[in-house]
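The structure appears below as structure tokens.
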Amino acid sequence: MRLSINSIYRATEGEGIHIGAPQIFVRFQGCAVGCLNCDSKETWEFTEESMMISEALAKIEDLCGQGATRIKRISITGGDPLHPKNTQGVLELTRRLKKSGFYVNIEAAGTRVVHEIFDILDFISFDFKTPSTGVNTNLKVLRNLCEQYGSKAQVKAVIADKKDFERTYDVFKSIMM
């Protein structure tokens with residue numbers, strides 16, 4: 001199986017409740033969401049699958065290191081790893097990583113819940129798109145995530161201004177209270 005991979009690299013988590021945790025990031029290529037404030041626009045274009053799954057797994061293993069400092073956390077991100085063009089590859093990669101004993105989370109755009117993937121993940125980081133992103137979050141999708149995966153999920157948002165804060169707070173109140 002070939003995957004549309006933009007990059008695989010070692011870093012620490014920079015957002016959410018796992019901030020500071022060392023991880024291997026697997027960044028998928030291709031995104032149709034189009035957030036105005038995206039920090040990885042180079043991942044938007046849908047390109048040919050660039051890497052065999054065995055190559056991706058070998059690179060991940062190489063970056064994890066050995067012994068007491070071995071990294072056991074993998075973060076699947078993008079682009080949009082849950083875009084239909086990526087989901088089969090993400091599913092197979094997740095299955096193989098879990099079989100190898102990795103803690104696997106996904107950082108997703110908040111546009112869709114993919115149960116087949118979400119059911120086997122350890123953690124889900126879902127975006128709520130604020131007005132400054134130029135994208136509307138489907139609140140039914142957000143509710144679905146919270147109801148079915150709330151114990152292993154977080155919802156995060158980029159707050160650029162007061163309008164973003166107020167919208168985020170209003171949605172939080174409507175879904176969580």
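Under the side chain to side chain donor-acceptor pair (under 3.5 Å) criterion, Arg143 pairs with no residue at all, not counting sequence neighbours. With sequence neighbours excluded, no residue satisfies salt bridge (charged side-chain N to carboxylate O under 4.0 Å, His left out) with Lys140. Scanning for salt bridge (charged side-chain N to carboxylate O under 4.0 Å, His left out) contacts around Arg112 gives Asp80, with sequence neighbours left out. Taking Asn37 as the reference, Cys35, Ser132, Thr133, Val158 meet the side-chain contact (heavy atoms from CB on, under 4.5 Å) condition, with sequence neighbours excluded. Residues passing the side chain to side chain donor-acceptor pair (under 3.5 Å) test with Glu166, sequence neighbours excluded: none. Shown here are the side-chain contact (heavy atoms from CB on, under 4.5 Å) partners of Thr168, two or more places apart in sequence or in another chain: Phe128, Thr130, Ala157, Ile159.
Gln154 and Ser125 make their closest contact through NE2-OG, 2.8 Å (heavy atoms, listed as atom of the first residue, atom of the second, distance). The two residues Val171 and Ser174 come nearest to each other via the heavy atoms O-OG, 2.9 Å. The heavy-atom pair separating Ser100 from Lys72 by the smallest distance is O-NZ, 3.6 Å. Of all heavy-atom pairs between Asp127 and Ala109, the closest is CB-O, 3.5 Å. Residues Ile74 and Cys64 come closest through the heavy atom pair CD1-SG, 4.5 Å. Minimum heavy-atom separation, Lys129 to Val135: CB-O, 3.3 Å.
A donor-acceptor pair is defined here as one N or O able to donate and one able to accept, closer than 3.5 Å; no such pair exists between the side chain of Asn105 and the backbone of Asp122. For Ser4 (side chain) and Gln29 (main-chain N/O), no donor-acceptor pair under 3.5 Å exists by modelled atom type. Under a 3.5 Å cut-off, the side chain of Thr43 and the backbone N or O of Gly79 do form a donor-acceptor pair.
Under a hydrophobic clustering in which Ile, Leu, Val, Met, Phe, Trp and Tyr are joined whenever their side-chain heavy atoms come within less than 4.5 Å, directly or via other members, Leu82 and Ile120 fall into the same cluster. Linking Ile, Leu, Val, Met, Phe, Trp and Tyr residues whenever their side-chain heavy atoms come within less than 4.5 Å places Val114 and Leu93 in a single cluster. Side-chain heavy atoms closer than 4.5 Å link hydrophobic residues (I, L, V, M, F, W, Y) into clusters, and following such links, possibly through other members, connects Val104 to Leu57. Note: the hydrophobic cluster containing Met52 does not contain Val90 (ILVMFWY, side chain heavy atoms under 4.5 Å, direct or indirect links). Residues Ile53 and Ile106 share a single hydrophobic cluster, defined by chaining ILVMFWY side chains whose heavy atoms lie under 4.5 Å apart.
Residues Phe172 and Val155 form no side-chain contact, since every pair of their non-hydrogen atoms from C-beta on lies 4.5 Å or further apart.
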Self-check item: Pair Leu91-Gln88, side-chain contact (heavy atoms from CB on, under 4.5 Å): steps then yes or no
Solution: CA-CA 5 Å; Leu91 177 60; Gln88 279 309 113; 4.2 Å; yes
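Pairs passing the ring pair (Phe, Tyr, Trp, His ring centres under 6.0 Å) check and including a residue from residues 48-68, sequence neighbours excluded, do not occur. Residues in residues 48-80 take part in no ring pair (Phe, Tyr, Trp, His ring centres under 6.0 Å) pair, two or more places apart or across chains. For residues 53-64, the pairs satisfying salt bridge (Lys or Arg N to Asp or Glu O under 4.0 Å) are Glu61-Arg70, with sequence neighbours left out. Residues in residues 28-58 take part in these ring pair (Phe, Tyr, Trp, His ring centres under 6.0 Å) pairs, two or more places apart or across chains: Phe46-His83. Screening residues 36-47 for salt bridge (Lys or Arg N to Asp or Glu O under 4.0 Å) gives no qualifying pairs among residues at least two apart or on separate chains.
Counting heavy-atom neighbours within 6.0 Å of Asn136 CG, excluding the residue itself, gives a total of 12 or less.
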Return all side-chain donor-acceptor pairs below 3.5 angstrom for residues 7-26, not counting sequence neighbours, or 'none' if the list is empty.
unit_1: Tyr9; atom_1: OH; unit_2: Arg27; atom_2: NH2; d: 2.8
unit_1: Arg10; atom_1: NE; unit_2: Leu63; atom_2: O; d: 3.2
unit_1: Arg10; atom_1: NH2; unit_2: Leu63; atom_2: O; d: 2.7
unit_1: Glu13; atom_1: OE1; unit_2: Gln23; atom_2: NE2; d: 2.9
unit_1: Glu13; atom_1: OE2; unit_2: Glu15; atom_2: N; d: 3.0
unit_1: Glu15; atom_1: OE1; unit_2: Lys156; atom_2: NZ; d: 2.9
unit_1: His18; atom_1: ND1; unit_2: Arg73; atom_2: NH2; d: 3.0

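Here OG of Ser75 is found 13.5 Å from CZ of Phe102. Values are rounded to the nearest 0.5 Å. The SG atom of Cys31 sits 11.5 Å away from the CG atom of Asn6 when rounded to the nearest 0.5 Å. The distance from the CG atom of Leu121 to the CD atom of Glu116 is 11.5 Å, given to the nearest 0.5 Å. One finds the CD1 atom of Ile60 at 5.0 Å from the CG atom of Leu97 (value rounded to the nearest 0.5 Å). Distance CD/Glu147 to CD1/Ile175: 9.0 Å, rounded to 0.5 Å. One finds the CD1 atom of Ile76 at 11.5 Å from the CD1 atom of Ile124 (value rounded to the nearest 0.5 Å).
A donor-acceptor pair shorter than 3.5 Å cannot be found between the side chains of Tyr149 and Asn144.
The side-chain tip of Lys152 does not point at the ring of Phe123 from less than 6.0 angstrom away and within 45° of straight on.
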